[in-house]
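Okay, so here's the structure we're looking at.
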Amino acid sequence: MTARQSSGPRSVALPEAITVKGLSERLGISPIEAIKRLMTHGVMAAMNDTIDYETAAIVSSELGIAPSPEAAPGAVATAVREDAEEGEEAGESRPPVVTILGHVDHGKTSLLDAIRETNVVAGEAGGITQHIGAYQIDRGGNPITFIDTPGHAAFTAMRARGAQITDIAVVVVAADDGVMPQTIEAIDHVRAADVPMIIAINKTDLPAADPDRVKQQLTEQSVVVEEYGGDVLAVPVSATTGAGLNELLEAVDLVSEIQELKASPDRLATGTVVEAELDSRRGALATVLVRNGTLRQGDALVSGLISGKVKAMFDERGERLKEAGPARPVRIMGLEDVPAAGDAVEVVESERAARRIVEQARREEEGAAGARRGGITLDTLFNEVSAGNVKELLLILKTDVRGTAEAIRGSLQGLGTGEVKVKVIHSATGPVSESDVMLADASGAIILAFNVRTETSAASQAEINGVEIRTYEVIYQLIESVEQALEGMYEPVYERVVDGTAEVRQLFRSSRVGQIAGCYVTDGTLLRGDRVRVLRNGDEVADVSCGGLRRFQDDVREVQQGFECGVVLERFDAFEEGDLLEFYHQQRVN
């Protein structure tokens with residue numbers, strides 16, 4: 001072993017999380033030796049289990065190898081992205097990126113098609129053959145990029161993944177139908193994204209069209225158009241006749257000029273996946289919107305946990321491109337797998353670097369597999385405010401009737417303190433939906449549900465994303481819980497849920513882990529992640545975490561009733577035969 005140690009590296013870079021096997025390879029020792037050294041520190045880990053940096057660093061230091069934190073996954077790409085973001089401030093003007101949203105049947109798709117057709121020159125009508133989820137038009141040397149998303153839910157889902165690709169949002173409202181529930185939802189999603197809004201009042205060619213009524217309804221949603229003294233541009237259009245399309249595009253140009261959008265085409269490209277698919281002949285195809293820099297054929301790139309090389313690029317007409325500059329949507333071939341919509345795309349210096357970044361990202365992903373992304377909750381609100389991390393409490397309100405929503409919304413927005421402002425970013429009637437969860441995830445909001453249920457799919461999504469959903473049946477309790485959370489008085493109630501019990505029947509001593517209790521499971525199931533109460537003659541002598549469970553020579557996650565096992569507890573080393581071990585977890589009841 002000494003020879004092996006002396007031939008190993010004098011220093012080693014370790015990630016935030018690594019498997020025991022991966023650690024042994026980096027340190028130049030066998031996995032068995034790594035497992036033994038971990039056991040001497042009370043860590044019961046198998047070869048494919050993941051340990052954190054601190055634990056790995058202890059083993060490394062024992063071997064005389066100086067540990068240091070490895071660069072986070074994507075560090076090279078992150079540097080590229082930060083460099084690119086700096087270029088946005090000091091670069092050249094770039095085209096705006098526009099998303100069109102609105103209520104179903106109000107003509108969003110027809111409007112997109114009409115805008116696209118106005119840009120097709122005579123004899124080229126059949127040239128646009130591919131739907132790639134995005135396209136670019138040219139208005140006398142002023143390009144505009146349009147993103148064709150299925151709706152505001154997809155728009156927000158991309159934002160929840162960190163993709164803020166839209167510069168301007170056009171909300172389509174039918175002149176004959178007026179403002180509808182999905183219109184309000186789209187407006188709230190755009191506001192939460194903090195994106196400039198333009199209203200396109202469509203179907204003005206219909207006999208029942210009433211644009212003035214639409215403007216009045218918008219005012220009720222706090223969207224005040226310029227004509228009424230506000231700052232929101234509203235343009236009457238007809239996707240059928242083409243009336244007003246030039247005026248709408250001029251409005252887009254005006255808003256983009258005010259924003260002074262910039263990018264640097266000379267940098268390594270960064271962008272976002274708009275949509276992707278697996279083609280049976282060409283493999284993974286991804287529509288990428290270049291955000292900054294210039295994407296070129298042959299570039300090595302990383303997208304999420306996928307690496308690749310740009311083998312070919314095409315525009316929306318299917319024409320091959322050699323390069324694509326800022327705000328240009330292109331379909332690319334060459335990724336090893338299909339990325340998700342909203343994933344960042346970053347060019348790196350080589351394919352080798354791309355693979356290294358992805359490998360590191362995958363290791364850390366495995367290390368964090370059991371973790372939940374903790375969003376803000378009423379429980380943690382006061383501490384977050386006190387630490388200066390939260391200036392606004394964002395809420396989404398779902399109720400059974402509209403009158404109740406308005407009453408609760410008014411009460412909530414009056415609860416702000418000098419340190420934090422309460423803001424209801426969306427309120428509507430009906431059950432909590434996946435769209436609500438996506439909006440909460442993207443904006444960091446808490447969902448309050450009054451007398452409504454939560455859809456099963458929404459509950460699952462909330463659990464995965466760490467979004468808090470609070471359900472109430474009494475208005476004052478809803479208001480009071482938010483008020484108490486702001487004042488730091490909110491105290492959730494937990495109850496102890498016993499998972500299993502065991503009797504200590506034999507004691508063992510290990511030089512590596514200390515005392516081991518040989519137990520027989522008398523009831524339920526013992527779980528490795530539980531807390532454990534040690535009871536002796538009816539009295540509690542310890543309440544600590546379970547440090548490990550063993551069946552014969554194997555580390556296990558659980559042991560069921562009727563089986564024997566070895567139990568190691570953290571910070572407790574004084575078992576006696578006859579002790580009862582109660583394995584439990586805490587469950588919140590309010």
Side-chain angles (χ1 to χ4, degrees), residues 96-119 131 133-135 137 144 146-156 166 168-193 195-255 402 405 426-430 433 435-436 439:
V97 180
V98 181
T99 299
I100 298 186
L101 307 169
H103 185 78
V104 66
D105 297 332
H106 277 200
K108 176 179 76 76
T109 302
S110 301
L111 187 60
L112 279 163
D113 290 341
I115 292 170
R116 183 188 286 121
E117 287 168 12
T118 62
N119 195 58
H131 171 81
Y135 62 89
I137 69 169
I144 302 174
F146 287 90
I147 303 295
D148 185 5
T149 66
H152 57 262
F155 167 80
T156 303
T166 303
I168 301 168
V170 173
V171 177
V172 181
V173 189
D176 62 330
D177 212 8
V179 173
M180 301 294 284
Q182 284 186 1
T183 313
I184 298 171
E185 204 165 334
I187 289 169
D188 287 341
H189 282 239
V190 172
R191 278 180 176 147
V195 173
M197 184 190 318
I198 296 173
I199 302 295
I201 304 177
N202 193 24
K203 302 187 181 182
T204 53
D205 56 307
L206 297 180
D210 189 351
D212 288 334
R213 182 173 69 96
V214 172
K215 294 172 187 176
Q216 183 59 46
Q217 290 175 332
L218 288 167
T219 303
E220 295 170 6
Q221 302 302 322
S222 300
V223 178
V224 184
V225 301
E226 279 194 335
E227 188 180 334
Y228 288 4
D231 58 358
V232 178
L233 293 173
V235 184
V237 297
S238 170
T240 304
T241 67
L245 292 185
N246 282 331
E247 288 78 3
L248 178 61
L249 296 177
E250 285 174 6
V252 170
D253 281 340
L254 177 61
V255 174
R402 185 173 178 179
H426 176 60
S427 68
T429 58
S433 65
S435 177
D436 298 321
L439 178 56

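A heavy-atom distance below 4.5 Å is not found between the side chains of Arg116 and Ile137. Residues Leu233 and Ile199 have side chains not in contact (no heavy-atom distance under 4.5 Å, counting atoms from C-beta outward). Put simply, the side chain of Val237 does not reach to within 4.5 Å of the side chain of Ile201, judged on heavy atoms. The shortest distance between side-chain heavy atoms of Arg191 and Ser222 falls below 4.5 Å. Considering only heavy atoms from C-beta on, Asp231 stays 4.5 Å or farther from Val224 through its side chain. Between Val252 and Pro96, the closest side-chain pair of non-hydrogen atoms falls below 4.5 Å. Taking 4.5 Å as the limit, some side-chain heavy atom of Leu248 sits within range of a side-chain heavy atom of Ile198. Side-chain contact between Val170 and Thr99 is absent, with no heavy atoms from C-beta onward closer than 4.5 Å.
Proximity of a side-chain donor or acceptor of Arg213 to a complementary backbone N or O of Asp176 within less than 3.5 Å is detected. When atom types are taken as modelled, the side chain of Gln217 and the backbone of Val179 share a donor-acceptor pair closer than 3.5 angstrom.
The minimum heavy-atom distance between Pro236 and Thr204, with the atom names listed, is CB-CG2, 3.8 Å. Considering all non-hydrogen atoms of both residues, Ala186 and Gly102 come closest at CB-N, 4.3 Å. Contact between Ala239 and Ala114 at its shortest, heavy atoms only, is O-CB, 3.7 Å. Considering every non-hydrogen atom in both Ala192 and Leu439, the closest pair reads CB-CD1, 3.6 Å.
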* Asked: Given the rule in the side chain to side chain contact (heavy atoms under 4.5 Å, CB included) test, do Ile100 and Val172 qualify, once you have shown the distances and angles that lead to the verdict?
  -> CA-CA 7 Å; Ile100 298 186; Val172 181; 3.4 Å; yes
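With rounding to the nearest 0.5 Å, the separation of NE2 in His103 from CE in Met180 is 4.0 Å. One distance of note links CD1 of Ile144 with CD1 of Ile115; it measures 8.0 Å at 0.5 Å rounding. In this structure, CG in Leu101 is found 9.5 Å from CE in Met197, a value given to the nearest 0.5 Å. Taking OG1 of Thr240 as the start and CG of Asp205 as the end, the distance is 5.0 Å to the nearest 0.5 Å. Taking CG of Asp188 as the reference point, atom OG of Ser435 lies at 10.0 Å (rounded to 0.5 Å). One finds the CD1 atom of Ile147 at 6.5 Å from the OG1 atom of Thr166 (value rounded to the nearest 0.5 Å).
Between the side chains of Asn202 and His106, no donor-acceptor pair of N or O atoms lies under 3.5 Å. Side chains of Asp436 and Ser433: a donor on one and an acceptor on the other come within 3.5 Å.
Aromatic ring pairs are classed by plane angle as parallel below 30°, tilted from 30° to 60° and perpendicular above 60°; the pair Tyr135 and Phe146 is parallel.
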